[in-house]
Amino acid sequence: MASSGMKLGREDYKKKKELEEFRKLGAAPAEVDDDGYSINPHIPQYMAEAPWYLSNGRPGLRHQRLLKDISKIAKINDFIKKGVKKDEDGNIIKNRKYIKGSCENCGASTHKTKECVYRPRKIKAK
């Protein structure tokens with residue numbers, strides 16, 4: 001709660017620390033987050049509290065969990081081509097703008113196609 005901008009007084013701070021100690025000993029019930037999960041009292045405070053840009057003011061572990069929609073995460077057997085950009089439908093995006101006078105093979109504007117040192121590409125930049 002101290003991260004939400006409120007400064008605790010001496011007595012409130014002592015009560016909070018005492019409650020944390022009782023939770024670690026098992027004498028007091030564990031704190032419950034918004035999703036209904038109990039928060040392990042042995043987890044450090046910097047892990048239990050979300051960063052300032054994700055925080056709702058209460059401790060919880062929602063920022064540590066995976067997203068509900070795991071369909072966007074690659075499976076272990078998926079082959080991912082490196083350097084290939086795709087749109088939302090899964091279609092390959094070619095270079096959006098070809099500059100006239102640049103290399104037709106690689107797309108660089110520093111040389112022409114005849115001077116290109118790269119191997120001839122199957123899909124040209126043009």
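Being a predicted model, the structure only gives us computed values, none of them experimental.
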Open item on the list: According to salt bridge (Lys or Arg N to Asp or Glu O under 4.0 Å), does anything in residues 19-30 pair up with another residue at least two apart or in another chain? List the pairs.
Closed with: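 Residue pairs with at least one partner in residues 19-30: K17-E20, R23-E31.
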Task: Set of residues satisfying side chain to side chain contact (heavy atoms under 4.5 Å, CB included) with respect to P29, sequence neighbours excluded - done: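 Result, side chain to side chain contact (heavy atoms under 4.5 Å, CB included) vs P29: none returned.
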Task: side chain to side chain contact (heavy atoms under 4.5 Å, CB included) involving N91 - partner list, sequence neighbours excluded - done: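 N91: side chain to side chain contact (heavy atoms under 4.5 Å, CB included) contacts with D87, D89.
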Open item on the list: Rounded at 0.5 Å granularity, tell me how far CD1 in I39 sits from CG in D33.
Closed with: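 The CG atom of D33 is 5.0 Å from CD1 of I39, to the nearest 0.5 Å.
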Task: Which residues share a salt bridge (Lys or Arg N to Asp or Glu O under 4.0 Å) with D12, sequence neighbours left out - done: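 Not a single residue meets the salt bridge (Lys or Arg N to Asp or Glu O under 4.0 Å) criterion with D12.
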Task: Partner set under salt bridge (Lys or Arg N to Asp or Glu O under 4.0 Å) for E104, not counting sequence neighbours - done: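 By the salt bridge (Lys or Arg N to Asp or Glu O under 4.0 Å) rule, E104 matches K126.
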Task: Residue pair S38 / A30: nearest heavy atoms and the distance that separates them - done: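 Scanning both residues completely, I find the closest heavy atoms to be CB-CB, 4.2 Å.
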Open item on the list: Is there a path of hydrophobic side-chain contacts, each under 4.5 Å between heavy atoms of I/L/V/M/F/W/Y residues, joining L19 to L25?
Closed with: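 No, separate clusters.
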Without placing hydrogens or testing angles, list every side-chain donor-acceptor pair under 3.5 Å for residues 114-123, not counting sequence neighbours.
from	atom 1	to	atom 2	distance (Å)
E115	OE1	K112	N	3.3

TODO: Assess whether atom CD1 of I99 is packed by more than 12 heavy atoms of other residues, nucleotides or ligands within 6.0 Å.
DONE: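 Check fails, neighbour count at 12 or below.
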